[in-house]
Amino acid sequence: MKKNLQQILDGFHIEQFQNDLIDWFTKEQRDLPWRKDRDPYKIWVSEVMLQQTRVDTVIPYFHKFMEKFPTLEALAEADEEEVLKAWEGLGYYSRVRNLHAAVKEVKEKYDGEVPRSKEQFSKLKGVGPYTTGAVLSIAYGIPEPAVDGNVMRVLSRIFLIWDDIAKVSTRKQFEEIVRHIISRENPSYFNQALMELGALICVPMNPLCLLCPVQAHCRAFHEGVEKELPVKTKTKATKKVYLRAVVLKNEEGRILIRKRPSEGLLANLWEFPNDELPLQIEEAQAFAEWISREHNVVVQSLEPIGEFEHVFSHLIWHITAYRGEAIGQTSESETSKWVTPEQLETYAFPVSHQRIWKAYNE
DNA sequence: GACTCGTGGTC
DNA sequence: TGACCAAGAGT
């Protein structure tokens with residue numbers, strides 16, 4: 001049941017809250033690589049990398065990315081294959097394809113300058129409500145809400161909001177609240193402080209309320225229910241998919257790789273040839289025939305490497321991997337190539353197939 | 001509104 | 001150890 005804004009903000013000391021929060025952030029903020037300056041491009045890249053991804057995971061990727069693509073122009077002009085390779089292992093690969101497309105658009109349409117206009121910036125690919133608010137407030141000091149999971153957790157506790165944070169309508173309610181309590185003097189620090197508080201103090205399981213700079217403002221703490229917030233519906237169970245894959249080597253020592261479709265799971269990444277097992281039968285003979293048919297080769301030998309299990313957000317792959325040797329026709333195309341082991345390292349693979357490659361070489 | 005889209009860490 | 005989580009966006 002939604003409370004109205006009046007009800008939520010009644011008796012809340014906005015100015016004091018802003019001061020307590022920003023003072024804390026000024027003293028306690030972490031030293032992170034994207035906080036060195038206010039380059040909108042760097043802020044933008046960091047925000048995209050941080051979507052659904054931990055800070056510790058992002059840091060090394062951010063350094064590598066900035067080394068390879070130091071400016072917006074550098075990224076805009078970069079080869080797509082190279083950009084995807086720089087994202088390898090980070091997950092949610094559509095993020096980087098959208099970012100690449102967006103940066104190209106900024107280069108062409110806006111002379112390489114990240115737009116300050118909310119309307120223009122939020123139209124770019126991969127730029128949603130959160131990223132819009134985050135980049136505009138942090139890079140340009142524009143008072144726009146940046147409501148992520150941290151902010152919803154923090155504010156649901158402070159204002160005792162029991163709505164399901166998995167719903168879009170709830171996020172919009174939080175944006176409305178932030179519009180009313182955001183600091184006009186320092187929107188950048190205000191937004192970052194809310195997120196930093198969620199990351200360091202107002203954490204999901206056991207919040208450190210005794211160390212909280214805004215404890216006096218927190219209704220959940222006052223009522224002792226901080227651990228029961230926020231409310232979030234559970235995700236459904238994951239489905240299991242059985243695959244068989246082959247690392248196939250030809251007479252020249254080249255390996256057969258194949259490009260995944262441009263949409264869907266792991267789009268545009270490369271992988272070893274594989275198919276789904278209709279039944280749970282693992283017959284090497286049947287697989288050899290499939291490989292021959294599918295890739296127009298003669299399979300000389302085929303032996304198992306091992307079993308690999310990989311968990312995604314909504315499904316599980318169970319891969320039975322083989323090593324094989326082939327002779328005969330070597331058909332190549334845009335989406336199917338024979339590469340040397342050295343060349344193979346320059347293509348972006350899903351983590352599951354990286355593991356297969358590692359096992360193959362042991 | 002519900003579902004898709006990765007990965008590694010945590011309790 | 002399995003469920004849940006972590007700075008969301010697109011369809």
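Convention: sequence-line order gives letters A, B, ...; per-chain numbering from 1.
Heavy atoms of A/Thr131 sit under 4.0 angstrom from primed sugar atoms or phosphate atoms, though from no base atom. Nucleic acid contact for A/Leu266: sugar-phosphate only, since backbone atoms but no base atoms lie under 4.0 Å from a heavy atom of the residue. As judged by a 4.0 angstrom heavy-atom cut-off over every strand, A/Val48 is placed among residues making no nucleic acid contact. Looking at heavy-atom distances under 4.0 Å, A/Ile316 makes no contact with the nucleic acid at all. At a threshold of 4.0 angstrom between heavy atoms, the contacts of A/Trp34 include nucleobase atoms, whether or not backbone atoms are also involved. Nucleic acid contact class of A/Gly89 (heavy atoms, under 4.0 Å, all strands): sugar-phosphate only. Within 4.0 Å of A/Arg35, counting heavy atoms only, lies at least one base atom of the nucleic acid. Residue A/Val168 is out of contact with every strand shown, counting any heavy-atom pair closer than 4.0 Å.
Map A/Ser94 and A/Thr233 each onto its nearest nucleotide of DNA chain C; the residue landing nearer the 5' end is A/Thr233. Along DNA chain B, the nucleotide nearest to A/Met205 and the one nearest to A/Gln354 differ in position, and the one closer to the 5' end is contacted by A/Gln354.
A salt bridge links A/Arg179 with A/Glu144: the closest approach of a Lys/Arg side-chain nitrogen to an acidic carboxylate oxygen falls below 4.0 angstrom. A salt bridge does not link A/Lys259 to A/Glu334: none of the charged nitrogens lies less than 4.0 Å from a carboxylate oxygen. Salt-bridge annotation for A/Lys85 and A/Glu81: absent, with no side-chain N of the basic residue lying under 4.0 Å from a carboxylate O of the acidic one. Contact check on A/Glu309 versus A/Lys240 returns a salt bridge, with a Lys/Arg side-chain nitrogen under 4.0 Å from an Asp/Glu carboxylate oxygen.
Looking only at side-chain heavy atoms (C-beta outward), A/Arg258 and A/Leu256 stay at 4.5 Å or farther from each other.
Comparing C/dC5 with B/dG6, their C1' atoms sit 13 Å apart, to the nearest whole Å. Remark: the separation of the P atoms in B/dC5 and C/dA6 is 23 Å, to the nearest Å. Taking atom C1' on both nucleotides, B/dG1 is separated from C/dG10 by 14 Å, rounded to a whole Å.
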>> Please evaluate residues A/Phe159 and A/Phe12 with respect to the criterion ring pair (Phe, Tyr, Trp, His ring centres under 6.0 Å), reporting the C-alpha separation (whole Å), side-chain torsions for both, the decisive distance (0.1 Å), and the verdict.
In response: CA-CA 9 Å; A/Phe159 293 111; A/Phe12 187 74; 4.7 Å; yes
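For a distance-only test at 3.5 Å, the side chain of A/Thr53 qualifies as a donor-acceptor partner of the base of B/dG6. With hydrogens and angles left out, the side chain of A/Ser313 and the base of B/dG6 share a donor-acceptor pair within 3.5 Å. One N or O donor and one acceptor, one from the side chain of A/Tyr92 and one from the base of B/dG6, sit under 3.5 Å apart.
Under the side chain to side chain donor-acceptor pair (under 3.5 Å) criterion, A/Asn19 pairs with no residue, sequence neighbours left out.
For A/Leu265, taking side-chain heavy atoms from C-beta onward, the closest of the listed nucleotides B/dT7, C/dG8, B/dG6 is B/dG6. Side-chain proximity of A/Ser169 to the nucleotides B/dT7, C/dA9, B/dG1 is greatest for B/dG1. Nearest to the side-chain atoms of A/Arg153 among the listed nucleotides B/dT4, C/dA6, B/dG6 stands C/dA6.
For the OP1/OP2 pair of B/dC3 and a distance below 4.0 Å, the side-chain nitrogens and oxygens of A/His314 include no atom meeting the criterion.
Atom NZ of A/Lys240 is separated from atom P of C/dA3 by 12 Å (rounded to the nearest Å). The nearest whole Å value for the distance from the CD atom in A/Glu263 to the C1' atom in B/dC3 is 15 Å. Summarising the geometry, the separation between CZ on A/Arg355 and C1' on B/dG6 is reported as 11 Å, rounded to the nearest angstrom. One atom, OH of A/Tyr130, and another, C1' of C/dG10, lie 18 Å apart when rounded to the nearest Å. Between the NZ atom of A/Lys167 and the P atom of B/dC3 there is a distance of 12 Å, rounded to whole Å. Between A/His310 atom NE2 and B/dG9 atom C1' there is a gap of 14 Å when expressed in whole angstrom units. Remark: P of C/dA9 and CG of A/Leu50 are 12 Å apart, rounded to the nearest angstrom. As rounded to whole Å, 13 Å separates atom P of B/dG1 from atom CD of A/Gln173.
A/Arg355 forms no cation-pi arrangement with A/Phe308, by the criterion of a distance under 6.0 Å to the ring centre and an angle within 45° of the ring axis.
The aromatic rings of A/Phe121 and A/Trp44 lie perpendicular to each other, with more than 60° between the two planes, well past the 30° mark.
A heavy atom lying under 4.0 Å from DNA chain B marks none of the residues of residues 95-103 of chain A.
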